[in-house]
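Note: hydrogens, waters and symmetry copies are ignored here, and every other heavy atom, side chains too, is used. It should be emphasised that the depicted structure is a prediction, and the values quoted were computed from it without experimental measurement.
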Amino acid sequence: MVILGIDPGIAIVGWGVIESFGVGKKLRPVDYGAITTPSTMTTEDRLWEVHRELSAVIKTYCPEAASIEELFFNSNQKTGIIVAEARGVLLLACRQGGVPIYEYTPLQIKGAVAGYGRADKQQVIRMVTTFLGLKEPPKPDDTADALAAAICHSFTGTSKLAEYYNRPTTMAGKIGQEGKGSRAVWASKLGNENAALLARIERIEERRQAEQSGGESAD
């Protein structure tokens, strides 16, 4: 499976394409990089450039899945809104390219790659470099974050837990825990004894995210 990992932003959007041969098997790096837009550009031009360049990546590598980090607002709401706008055009590019979209929280990405949801930036970068057999760490850091998102999807892509975490994005799932398509409701449809536990784990993660003063991200 060819997986596109995306680290959303507007000044820098990290992206990375890997090939996964199944859980427990070696990963192959295909290509990776970053989309950069200067602050001198208008917001609408920057959004257009982000969309255009990611669309070109999708057309070139034809990924079978896109893994993107969920957005958590930090104390700077203005910056958060701009990043959210950029994330929207990234999702649009994937949808237009026919690529299924999957979301992961920063805790899930760090936990999958580094084995610890509170791993720091350097730990994540080291593990990404090791898993992909790279000669040197990917740069910029946003690119490493994108590769981490792709690796996270590859590690959980065939497990039952992945069916819970890796559901396609739905707007209802972002509105609230009781909305159709939300994780709590979706987990209850798994039809197994772990459904309640999975929903509880998710609520714990969300509380921890809310307690972080600056907002957690994979970078």
Quick one: list whatever passes side-chain contact (heavy atoms from CB on, under 4.5 Å) with S39, sequence neighbours left out.
R46
Do L91 and L47 sit in one hydrophobic cluster, given that two such residues count as connected whenever their side-chain heavy atoms are within less than 4.5 Å of each other, even indirectly?
yes
Atom of I10, atom of V50 and distance for their closest heavy-atom approach
O-CG2, 4.3 Å
Do the side chains of V89 and I58 join up, straight or via other hydrophobic residues, at under 4.5 Å, putting them in one cluster?
yes
Please examine the side chains of I3 and P63, heavy atoms only from C-beta on, and report whether any two atoms are closer than 4.5 Å.
no
I want to check something: taking the side chain as every heavy atom from C-beta on, are V17 and V2 in contact at a cut-off of under 4.5 Å?
yes
With heavy-atom distances below 4.5 Å as the criterion, would you say the side chains of D141 and K121 are in contact?
yes
State yes or no: do I81 and M41 share one hydrophobic cluster built from I, L, V, M, F, W and Y residues joined by side-chain heavy-atom distances below 4.5 Å, directly or via other members?
no
Test salt bridge (Lys or Arg N to Asp or Glu O under 4.0 Å) on R87 and E70 and set out the steps.
CA-CA 9 Å; R87 191 175 184 277; E70 290 187 356; over 6 Å; no
Sub-4.5 Å side-chain heavy-atom contact between L4 and L54
yes
Exercise: identify the closest heavy-atom pair between G9 and V83:
CA-CG1, 4.2 Å
Looking only at atom types and distance, does a side-chain atom of T143 sit under 3.5 Å from a main-chain N or O of W15, one as donor and one as acceptor?
no
Listed partners of E53 passing side-chain hydrogen bond (donor to acceptor under 3.5 Å, both in side chains), at least two apart
none
Side-chain heavy-atom pair T156, Y104 within 4.5 angstrom cut-off:
yes
What is the minimum heavy-atom distance between V113 and C152, and which atoms define it?
CG2-N, 4.4 Å
Nearest non-hydrogen partners of A93 and S55, listed with the distance:
CB-OG, 3.6 Å
Which pair of heavy atoms, one from A65 and one from V99, lies closest together, and at what distance?
C-CG1, 3.5 Å
In residues 122-140, what donor-acceptor pairs under 3.5 Å come from side-chain atoms, sequence neighbours left out?
from: Q123; atom 1: OE1; to: D120; atom 2: N; distance (Å): 2.8
from: T129; atom 1: OG1; to: I125; atom 2: O; distance (Å): 2.8
from: T130; atom 1: OG1; to: R126; atom 2: O; distance (Å): 3.0

What I'd like to find out is whether the side chain of P8 reaches to under 4.5 Å of the side chain of V13, using heavy atoms alone.
no
Verify the neighbour count for atom CZ of R28: are there more than 12 heavy atoms of other residues, nucleotides or ligands below 6.0 Å?
yes
When rounded to the nearest 0.5 angstrom, what is the spacing between OG1 in T42 and CD in E49?
11.0 Å
Within the structure provided, determine whether S154 and I18 are in side-chain contact (heavy-atom separation under 4.5 Å).
yes
With rounding to the nearest 0.5 angstrom, report the CD1 to CD distance, I6 to E69.
11.5 Å
Going from CG on L90 to CG on D7, what distance comes out if it is rounded to the nearest 0.5 angstrom?
9.5 Å
Let me confirm one number: the CD-CD distance from E44 to E85, rounded to the nearest 0.5 Å.
10.0 Å
Side-chain contact, heavy-atom cut-off 4.5 Å: L27 with F155?
yes
Atom pair OG1/CH2 of T37 and W48 - distance to nearest 0.5 Å
14.5 Å
Side chain to side chain contact (heavy atoms under 4.5 Å, CB included) assessment of L107 paired with R118
CA-CA 7 Å; L107 288 175; R118 302 292 177 181; 3.8 Å; yes
Could you tell me the separation between the CD atom of E19 and the NZ atom of K26, rounded to the nearest 0.5 Å?
12.0 Å
Is it the case that the side chain of K110 and the backbone of A119 share a donor-acceptor pair, with hydrogens and angles ignored and the cut-off at 3.5 Å?
yes
Cluster check Y102, L92: I/L/V/M/F/W/Y, side chain < 4.5 angstrom
no
Looking at A149 and S67, what are the two nearest heavy atoms and their distance?
O-OG, 2.7 Å
